[in-house]
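Accompanying notes for the structure given below.
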Amino acid sequence: MTGTRLAGKTAAITGGASGIGLATARRFLDEGARVVIGDYNEAAIARALDLLDAGDRITALRIDVAEEHDIERLMQAALGQWGGLDIMFNNAGITGALGPITEIEADHWDQSFAVMARGVFLGIKHAARAMIPNGGGTIVNTASIAGLAGGVIPTVYSAAKAAVISLTRNAANELAQHRIRVNAICPGIIFTPLMHSGREAEALETARQVQPWPDAGTPEHVAASVLYLASDEAGFVTGEAHVVDGGYLANGLLRVHPLPGGKANPDYAGMHYGLTGQPREIRRLPQTTDQRQ
Ligand code: NAI
């Protein structure tokens, strides 16, 4: 342990087995918190528990954030083991539906929103139910700069992240009376497997073109801001969409993004389930006149 900013607090983190969620779990543990991770990917959970090596201050379970019962189980794990929940980090995400809007399947829209919007709604709902009897708490939701500006693709991902920001503002309004702060974090290009999909060099090159700050964004950059929002230092901050993007949004150049599916005129469509372990369903589209040129 290196600090005491979260000493005695209990935190739940969805998507906590990888990337931003994992870095945040490490940071929370370092600051004295007890952490319960909920993630879809069982192998990643096992690896995360090994890496974090936090003894009886950590527990984890396999959940699907889109399933209400699973979110309830996550809350029960925190309440049963540690008697309360102080911090909820609704962070699980996937790339979701890909392709031009004319080709996106309605089922893929629903599946994307199930994880990235419904999952956050359920996390807020049940975290608030757990926090209200204990006199309050704090909720952080992972959105994205994609939810704040047009021109960021994939389209469905951006729409789901905009929903997270709207949900955050409304929940902050409603839950303030219970002393529950609700904020969103909006990362830019953060080097995680979800973002570069194994094509790190390509992603780094794109980041150089659009992001003013010279360093690459890391999960630790985001975790530091989540820690701030979750801690008492942010005691008067609620309803905020906090950007962590090395100046990408300030630069205004939002036409290119290295996310898988982030091509302006994609020649494929389908569904990318992120790092959940579920196989992708991507199909090639017939070439259009534009793409042949
Ligand atoms: P990641 O893929 O490394 O981690 C996401 C985790 O969420 C994975 O462990 C995955 O198994 C889990 N997950 C996915 N669907 C789930 C479900 N239905 N139920 C439970 N767990 C589920 O990705 P990363 O990059 O750490 O992303 C974390 C969040 O940050 C996501 O919401 C993502 O959209 C967001 N974000 C990431 C950016 C980036 O550049 N990496 C930029 C902006 C936002």
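These figures come from a predicted structure and were not determined experimentally. Counting starts at 1 for both ligands and their atoms, in listed order.
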Original post:
Taking atom 42 (C) of ligand 1 as the point of reference, which of G188, G15, G119, S144 owns the nearest heavy atom?
Top reply: G188
Subject >> From I37, D39, V120, T192 - option closest to atom 24 (P) of ligand 1 by heavy atom >> reply: T192
**OP:** Could you tell me whether R283 sits above the aromatic face of Y268, with NZ or CZ closer than 6.0 angstrom to the six-membered ring centre and within 45 degrees of the axis?
**Re:** no
Subject >> Distance-only N or O hit between ligand 1 and I94, under 3.5 Å >> reply: no
Original post:
For ligand 1, is there an N or O atom under 3.5 Å from any N or O atom of P187?
Top reply: no
Original post:
With the threshold set at 4.0 Å, does a side-chain nitrogen-carboxylate oxygen contact exist between R47 and D50?
Top reply: no
Original post:
Going by atom types alone, do H108 and E281 pair a side-chain donor with an acceptor below 3.5 Å?
Top reply: yes
Original post:
Judging by distance only, is a nitrogen or oxygen of A44 under 3.5 angstrom from one on ligand 1?
Top reply: no
Original post:
Hey, does Y40 come in under 3.5 Å of ligand 1, counting only N/O atoms on both sides?
Top reply: yes
Original post:
When only distance counts, is K161 in polar contact with ligand 1, meaning an N/O pair under 3.5 Å?
Top reply: yes
Original post:
Charged N to carboxylate O below 4.0 Å: is that the case for D267 and R284?
Top reply: yes
Original post:
Any salt bridge between K125 and E68, counting N to O under 4.0 Å?
Top reply: yes
Subject >> Option of least heavy-atom distance to atom 29 (C) of ligand 1 (set: I145, I45, T24, N91) >> reply: N91
Original post:
Would you call A143 a ligand 1 contact, heavy-atom distance under 4.0 Å?
Top reply: yes
Original post:
Based purely on interatomic distance, does V65 place a nitrogen or oxygen under 3.5 Å from a nitrogen or oxygen of ligand 1?
Top reply: yes
